[in-house]
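The shown structure was predicted, so the numbers you read here are calculated from the model rather than taken from an experiment.
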Amino acid sequence: MAKGLTKRSVDYSQWYNELVAKADLAENSAVRGCMVIKPYGYAIWEKMQQELDRMFKETGHENAYFPLFIPKSFLSKEADHVEGFAKECAVVTHYRLKNDPDGKGVVVDPEAKLEEELIVRPTSETIIWNTYKNWIQSYRDLPIKCNQWANVVRWEMRTRLFLRTAEFLWQEGHTAHATKQEAIEETQTMIQIYADFAQNFMAVPVVQGVKTANERFAGALDTYTIEALMQDGKALQSGTSHFLGQNFAKAFDVKFATKEGNEDYVWASSWGVSTRLMGALIMAHSDDHGLVLPPKLAPIQVAIVPIYRSEEDLAKITEKVDVVVANLKKRGISVKFDDSDNRKPGWKFAQYELKGVPVRLAVGMRDLENGTVEVARRDTLTKEVVNMDGVDEYVADLLEQIQETIYQKALDFRAEKTTPVETFEEFKSVLEEKGGFILAHWDGTSETEQKIKEETKATIRCIPLEGDKTSGVCVYSGKPSEQRVLFAKAY
RNA sequence: CGGGGUGUAGCGCAGUCCGGUUAGCGCACCUGGUUUGGGACCAGGGGGUCGGGAGUUCGAAUCUCUCCACCCCGACCA
C-alpha cells in the first residue's frame, strides 16, 4: 500500500488529488485555477500528442498556429457561440503597466486602454474562420484541414487538476469543406480517431455518440462525443467533434465558387481533445497503490532496480543489466536503470508503483548466480522469476499483454456498470446504488432531459451510435422513444 | 458566486480556546557510519516573513479587522 495515498473506497476525489500530486503529474500554481504540469505528467501528455499528431497527419491534416487573442467583436458574430462562451472569457483591456504613483509596485496604466478589447481564446473558431475567409475563393481551395496544438482559457469557477482548469492544453482541428456531406464525414472520421486512440493507446473503452441539443457545442449543428466511464461510476466526456454546418461561414462571410459556377457558403467541422485525457487515463486504470499506465503511453516502460550489498556487487549487476538495457532499447522499449544509492530497493519498488511504470525488473546477486531476473507487472502486482537471457523478448510480450489486460479490465468494468432500465424508479435506484452508465428510453425532448437532470443530476451523455436501436417508451414521460440513450452523472 | 473547512520548515501536523523563555514533532534534506530481495538504523546538523496587510498590547502563531490561497459540498462547465 502506498504510504499516505487515500484509498479509493474511502474518498475517491481525495485519492485522485493525492495521486496526481504524489505521482508527480501536476500541481496547483500560484495562479488560481491554473496548473503546473510537471515533467513526468508532461511526458505522458507528449506521448499522447505524438500519437494523435501522427493520426491527424495520416488523415490529411496539417498543423498551423492561430493567435491567443481574439478581438471581442469576432466572438459575437455567431450568436449561439457567444452565448455559450461569454460567461467564461478572460479579457485583455490594457497593454501597459506603470509604476504605482502611490508607492511600490506597478499599476495598469489607464492611458493604455485598448481600443478594442481582446478575448483570450476559449476556442478558436472565430479567429480561424475570419482567417479562412481570406484563404478560400474557389472549390479548388477546399478542403482546408488544419489542426493546432495550443492552450485555451475558460474561466471556470471550480477547478480540478487535469479535469477542469482555467487554462488547459489541447488540440483543435478546424476544417472547411465544399459539401455538407464531406464536412459530416470529417466530423465522424475524427470522432472515430479519438475513439481508436482512447481504446488502443489509453486502453480506455469509450461510447461514441451524438450530444443532445442541450449538451451540444455552442454554434454546432451536431456534436459527436466519446464518453468514458471512471472507476467511481461517473462519466467523463473525453473528446468531441462538431459538425458546424454553415454557421461560421455565414457569420464570417466565407463563400466559394462552386464547380458549377455558383456561390455557396463553406461547410465546417471542428474537433478537440485536451489535457482532460490525462484525468481519464488516471481515473480509468489506477489503484490504491498509485498510477497504472498503459505501456503505450508510459514515459518509462521498464524500471530496473539493482539489489546489492557492496560496490563490487553493483558493478557485477550493472555489467549484466547494461546488456538487458541495450536489448530492450533495441526493441524500442523505454527503460530506466535506477542505480541511485540513496534509496533502498523497497522504496524504489513503491515509487515505481506510484508512478505507474508497467514493468519492474529486480536484479540481485542471487539472480546473477541463477542467470535470472525478477519481473513484476504493475497492473496485476504479480511477480515472476525468468531467465535473464531473452528477458527483452519476454518483457516486450508482457508489455503487450499489460496493454491488453488493462483495456479488458476497463471494458469488463464498464459492462458491469452499464445498466438498461425500464422505469424511472429503476433509473433512480440504479443511479443511487450502483452508478455508472444507464441505458434508458427518452422521448427526445429537452424538457424531459432537463427534468431528469434536476431530479437525479444525471445527464444524457450521448445518443449512442452503436448498440440496441429498438424503440420503446420514455422512462420519464411514457411517450414513444426511438432508441435508448446513455445517461450518467458526469464530471 | 453561496455554505463548510484549512493555512505554522519542501511535505504532513501540534501549539491558537486561556497572549508571555530561544515556535515544536514526524517525514524529507545535509554529514559520518552500519545497511540493501517490499517504503532501513544510529549519531550529528541545516532550514521558519507562523498565508499577506492593518490594528489592540509592554509583548501576538495566539485577540480584532481585512485581503488572499487551497480543500470539500452546491450552482456552472471540456
Side-chain angles (χ1 to χ4, degrees), chain A residues 1-6 11-14 16-18 21-22 24 27-35 84-89 103-104 122-123 152-172 194 211 214-218 223 225-228 235-242 270-280 289-290 305-311 313-314 317 339-354 360-370 372-374 376 381 383 385 453-454 457 459 461 490-491:
Chain A
M1 190 63 51
K3 269 186 186 168
L5 186 60
T6 299
D11 186 337
Y12 191 83
S13 69
Q14 198 181 338
Y16 175 83
N17 292 337
E18 288 178 4
K22 286 174 190 289
D24 274 333
E27 60 191 32
N28 279 308
S29 71
V31 185
R32 184 198 188 98
C34 295
M35 64 180 160
F85 285 107
K87 286 168 291 185
E88 48 187 21
C89 285
K104 46 196 171 179
T123 180
V152 287
V153 168
R154 296 179 188 177
W155 213 261
E156 300 291 348
M157 290 179 193
R158 221 180 123 193
T159 59
R160 289 192 73 191
L161 292 173
F162 292 123
L163 298 174
R164 178 167 300 105
T165 46
E167 179 193 19
F168 56 94
L169 305 184
W170 77 345
Q171 56 71 215
E172 48 181 324
Y194 289 155
K211 287 288 187 186
N214 283 344
E215 302 276 333
R216 202 177 280 155
F217 175 76
T223 288
T225 179
I226 52 171
E227 298 285 327
L236 184 72
Q237 179 176 307
S238 304
T240 48
S241 181
H242 315 292
S270 70
W271 28 273
V273 292
S274 71
T275 38
R276 180 177 247 203
L277 287 178
M278 293 287 294
H289 294 259
V305 177
I307 296 150
Y308 60 95
R309 289 165 200 275
S310 63
E311 287 298 313
D313 289 354
L314 177 60
I317 291 165
D339 61 352
S340 59
D341 64 353
N342 57 337
R343 297 292 187 190
K344 290 188 62 180
W347 191 91
K348 293 177 184 176
F349 294 170
Q351 190 64 14
Y352 290 117
E353 274 164 18
L354 194 53
R360 184 187 72 235
L361 306 182
V363 183
M365 295 313 286
R366 198 192 303 158
D367 292 302
L368 292 198
E369 283 161 27
N370 301 334
T372 57
V373 178
E374 184 191 82
L381 293 167
K383 291 192 278 201
V385 175
K453 184 179 176 181
E454 281 163 20
K457 285 170 187 146
T459 50
R461 303 319 304 154
Y491 272 97

Value in whole Å for how far the C1' atom of B/G38 lies from CD of A/Glu374
9 Å
Which residues share a ring-ring contact (aromatic ring centres under 6.0 Å, His included) with A/Phe168, sequence neighbours left out:
A/Trp170
Span that lies between the P atom of B/C42 and that of B/C27, in whole angstrom
9 Å
Any donor-acceptor pair under 3.5 Å linking the side chain of A/Gln171 with the backbone of A/Val273?
yes
Nearest-Å distance for atom pair CD/P, residues A/Glu215 and B/A78:
7 Å
Please name the nucleotide paired to B/C1 by Watson-Crick or G-U wobble geometry with both distances under 3.5 Å, or report none.
B/G74
Length of the line joining A/Leu381:CG and B/G39:P, which is rounded to integer Å
15 Å
B/C17 - base-pair partner by Watson-Crick or wobble geometry, distances under 3.5 Å:
none
Given atom CG of A/Leu361 and atom P of B/G38, what is their separation to the nearest angstrom?
16 Å
Would you mind classifying the nucleic acid contact of A/Thr165 as base, sugar-phosphate or nothing, using non-hydrogen atoms under 4.0 angstrom?
base
Once each nucleotide of nucleotides 68-76 of chain B is scored for protein heavy atoms under 4.0 Å, what B/S/- sequence comes out, 5' to 3'?
-SSSSBBB-
Going by the rule salt bridge (charged side-chain N to carboxylate O under 4.0 Å, His left out), which residues pair with A/Glu353 if we only count those two or more places apart in sequence or in a different chain?
A/Arg360
When all nucleic acid strands are considered with a 4.0 Å heavy-atom cut-off, which category describes A/Phe217: base, sugar-phosphate, or nothing?
nothing
Please enumerate all residues that pass side chain to side chain donor-acceptor pair (under 3.5 Å) together with A/Tyr491, with sequence neighbours excluded.
A/Asp232
Could you tell me whether a side-chain N or O of A/Tyr194 sits under 3.5 Å from a main-chain N or O of A/Thr225, the two making a donor and an acceptor?
no
Please classify the nucleic acid contact of A/Leu163 as base, sugar-phosphate, or nothing, using heavy-atom distances under 4.0 Å.
base
If B/A60 has a Watson-Crick or G-U wobble mate with both distances under 3.5 Å, name it; if not, just say none.
none
d(CD, A/Glu18; P, B/G12) in whole Å
10 Å
Using salt bridge (charged side-chain N to carboxylate O under 4.0 Å, His left out) as the criterion, list what pairs up with A/Glu374, not counting sequence neighbours.
none
Rounded to whole Å, the CG-P distance (A/Leu5 to B/G12) equals 14 Å
Partner residues of A/Phe349 under the ring-ring contact (aromatic ring centres under 6.0 Å, His included) criterion, sequence neighbours left out:
none
For B/U36, give its Watson-Crick or G-U wobble partner with both distances under 3.5 Å, or none.
none
Residues passing the salt bridge (charged side-chain N to carboxylate O under 4.0 Å, His left out) test with A/Arg216, sequence neighbours excluded, are none
Can you tell me the pairing partner of B/U6 across any strand shown, Watson-Crick or G-U wobble, with both distances under 3.5 angstrom?
B/A69
Distance check needed: B/A78 P versus A/Met35 CE, whole Å only.
16 Å
Nucleotide paired to B/C25 in any strand shown, Watson-Crick or G-U, under 3.5 Å:
B/G12
B/C63 and B/U16: how far apart are their C1' atoms, nearest whole angstrom?
10 Å
Atom pairs under 3.5 Å, N or O on each side, protein against nucleotides 29-36 of chain B: can you list them with distances?
unit_1, atom_1, unit_2, atom_2, d
B/C29, OP1, A/Arg343, NH2, 3.3
B/U36, OP1, A/Arg309, NH1, 2.7
B/U36, OP2, A/Arg309, NH1, 2.9
B/U36, O2', A/Tyr308, O, 3.3
B/U36, N1, A/Tyr308, O, 3.4
B/U36, O4, A/Arg309, O, 3.1

List the residues meeting salt bridge (charged side-chain N to carboxylate O under 4.0 Å, His left out) with A/Arg276, not counting sequence neighbours, and say none if there are none.
none
Paired to B/G47 by Watson-Crick or G-U wobble criteria (both distances under 3.5 Å) is none
B/G46 and B/U8: how far apart are their P atoms, nearest whole angstrom?
23 Å
Taking CD1 from A/Ile226 and P from B/A78, how many angstroms apart are they, rounded to a whole number?
15 Å
